[in-house]
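Right, one structure below, let's go through it.
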2 protein chains.
Amino acid sequence: MPETATRKPAERKRGSGVQFVYNVLRDEILDLALAPGTPIDEIQLAQRLSMSRTPIREALVRLAGEGLVTTLPNRSTVVANIDFLNLHTFFDALTLMYRVTTRLAALNHQADDLVTIRARQAEFAKAVEEQDALAMIATNREFHAAIAAAARNPYYESLFLRLLDEGRRLLRLYYSSFNDQLPKRYVVEHEDMIAAIEARDVEKADALANEHADQIVEQIRNMIARDHRQKIAL
Amino acid sequence: MPETATRKPAERKRGSGVQFVYNVLRDEILDLALAPGTPIDEIQLAQRLSMSRTPIREALVRLAGEGLVTTLPNRSTVVANIDFLNLHTFFDALTLMYRVTTRLAALNHQADDLVTIRARQAEFAKAVEEQDALAMIATNREFHAAIAAAARNPYYESLFLRLLDEGRRLLRLYYSSFNDQLPKRYVVEHEDMIAAIEARDVEKADALANEHADQIVEQIRNMIARDHRQKIAL
DNA sequence: GTGAAAATTTGTGTCGACAAAAAAAATACA
DNA sequence: TGTATTTTTTTTGTCGACACAAATTTTCAC
């Protein structure tokens, strides 16, 4: 059992309860600290976080809306499973969102957007330099989230963030198996994307995002394939 | 004040409370029975629906997740406003989802999907025949929702449904100003789309969906422009 | 000993109540 | 009369408790 987060009671402001529970659960789910399929006991959680069941239930409703947990009526809610059979739908949507957000960022970005994007890229490059796989996953997400913010389309942005989170969960499964070749390629690809966005070259930004997405999808596919072979070998 | 839905107490099964509140509120919001910006009083709602505040709050959390209401901390939650200034982002996302769902439906549909799609199209045609604008809005949504279901990509589907709902709210604003020329064109376009899907002609389905989306966006734009002129004329 | 029925346990769905925060009203003061 | 401050009211956020449903265990019949 992993080291679970326990908080002292009555140190939180009124109104922040749901948000707090939401953040804790979301992080634990995306980090796989809570494995897919794990039932979430409301009473237990209430005790752990030193609060009543009401804010916890509301946080669970929110997580259910984002597909991170599944609520079984009159039964416990469980951490959402990873649907390996339909991963292609995930990859398809992820690739499209990579493309449209990067396209629109090239079209709609404003001056300070690039500052933020470059800051995220620097953090990603640092994580790659230090070969810190978990930090790579996190900073890569933030880099593309920054681009999505610059694209200025909340509909694409919300779907993309959801997909990036789901991807974080997926990558977390295989984070130990990063080799150190591909990530460096990502750093270069990121730089190219920034340049295309800054130049407002929509088509180039689109093409680069498409290639980048293909790269990432391919890597995840390889990880899964490798993993499956191991499973069969057992 | 519109005729509000009141239900007798204690006739509902355990566990259906949140769903019930969610459905009532969602319908009232999308039908503009609750105007954008209207504050939602939890106690009042609780009395109207004869239940406690707990399931009502959970329904509101869900609606907030879908962007249909906005929660102001420690203040009342209000029905989400229609953001006229950023409608282009809505049109952009709507058009793309029209395209990808129709594309994927041509690729992935199975036999009984077409049965459902044709049934929805018949309902739409009937609404057009009867010049029932509200029914047209509703059946058009269901027609495209059926195509999205046949596309078999839950990520696109959920975003598309959200956009179709937002569109329903938008069209509801102008439902009186339908002329009877355009809707008939939509019936024909729908037929063409069905044919392309059945023939698994992805590119044609895509092109038709694109044209169709442009038509609809154009019509909504005209309605808004007309409406604005009226407002200025006052 | 095995299977069915009954009883118990466990955990969710809902409720009414209270406390904190914000808004509205009332009061004091210049 | 207008403005600042206090008081009251309204409404949300949270809590503990109870009722009901499902799962589990126990009991009992055969």
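First the proteins, then the strands, lettered A, B, ... as listed; each starts at 1.
In this structure, A/L72 and B/P73 both approach DNA chain C, and ranking their closest nucleotides by distance from the 5' end singles out A/L72. In terms of position along DNA chain D, the nucleotide closest to B/T77 lies nearer the 5' end than the nucleotide closest to the other residue of the pair B/T77 and B/T54.
Closest to the side chain of B/M51, out of D/dC15, C/dC15, C/dT14, is C/dC15. With distances taken from any side-chain atom of A/N74 to the nucleotides C/dT14, C/dC18, D/dA21, the minimum falls on D/dA21. Of the candidate nucleotides C/dC15, C/dT12, D/dT14, D/dT14 has the atom lying nearest to any side-chain atom of B/R53.
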What verdict does the side-chain hydrogen bond (donor to acceptor under 3.5 Å, both in side chains) test give for B/R53 and B/Q47, after you've listed the backbone C-alpha separation in whole Å, the side-chain angles of each residue and the deciding distance to 0.1 Å? CA-CA 9 Å; B/R53 279 175 51 221; B/Q47 289 172 348; over 6 Å; no
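Between B/Q47 atom CD and C/dC15 atom C1' there is a gap of 14 Å when expressed in whole angstrom units. A straight line from CG of A/L45 to P of C/dG11 spans 13 Å, rounded to a whole angstrom. Rounding to whole angstrom units, CZ of residue B/F20 and C1' of C/dT14 are separated by 15 Å. In this structure, the CG atom of B/L60 is 15 Å from the P atom of D/dT11, given to the nearest Å.
The side chain of A/R75 places an N or O atom within less than 4.0 Å of a non-bridging phosphate oxygen (OP1 or OP2) of D/dA23. For C/dT14, neither phosphate oxygen OP1 nor OP2 lies less than 4.0 angstrom from any side-chain nitrogen or oxygen of B/S52.
Looking at residues 37-44 of chain A, you'll see that no heavy atom sits under 4.0 Å from any atom of DNA chain D.
A cation-pi contact links A/R62 to A/Y22, judged by a cut-off of 6.0 Å to the six-membered ring centre and 45° from its axis.
For the pair A/E166 and A/R169, the salt-bridge criterion is met [side-chain N within less than 4.0 Å of a carboxylate O].
Of the N and O atoms on the side chains of A/Y174 and A/Q219, not one donor lies less than 3.5 Å from an acceptor on the other residue.
In this structure, the side chain of B/D113 engages the main chain of B/Q110 through a donor-acceptor pair within 3.5 Å.
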Got a list of side-chain donor-acceptor pairs under 3.5 Å for residues 85-100 of chain A, not counting sequence neighbours?
residue : atom : partner : partner atom : Å
A/T89   : OG1  : A/N86   : O            : 2.8
A/D92   : OD2  : B/Y156  : OH           : 3.4
A/T95   : OG1  : A/F91   : O            : 2.8
A/R99   : NE   : A/D206  : OD1          : 2.7
A/R99   : NH2  : A/D206  : OD1          : 3.4
A/R99   : NH2  : A/D206  : OD2          : 3.2

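Each of A/R168, A/R172, A/R26 was evaluated against A/D31; a single residue qualifies, A/R168, per the side chain to side chain donor-acceptor pair (under 3.5 Å) test.
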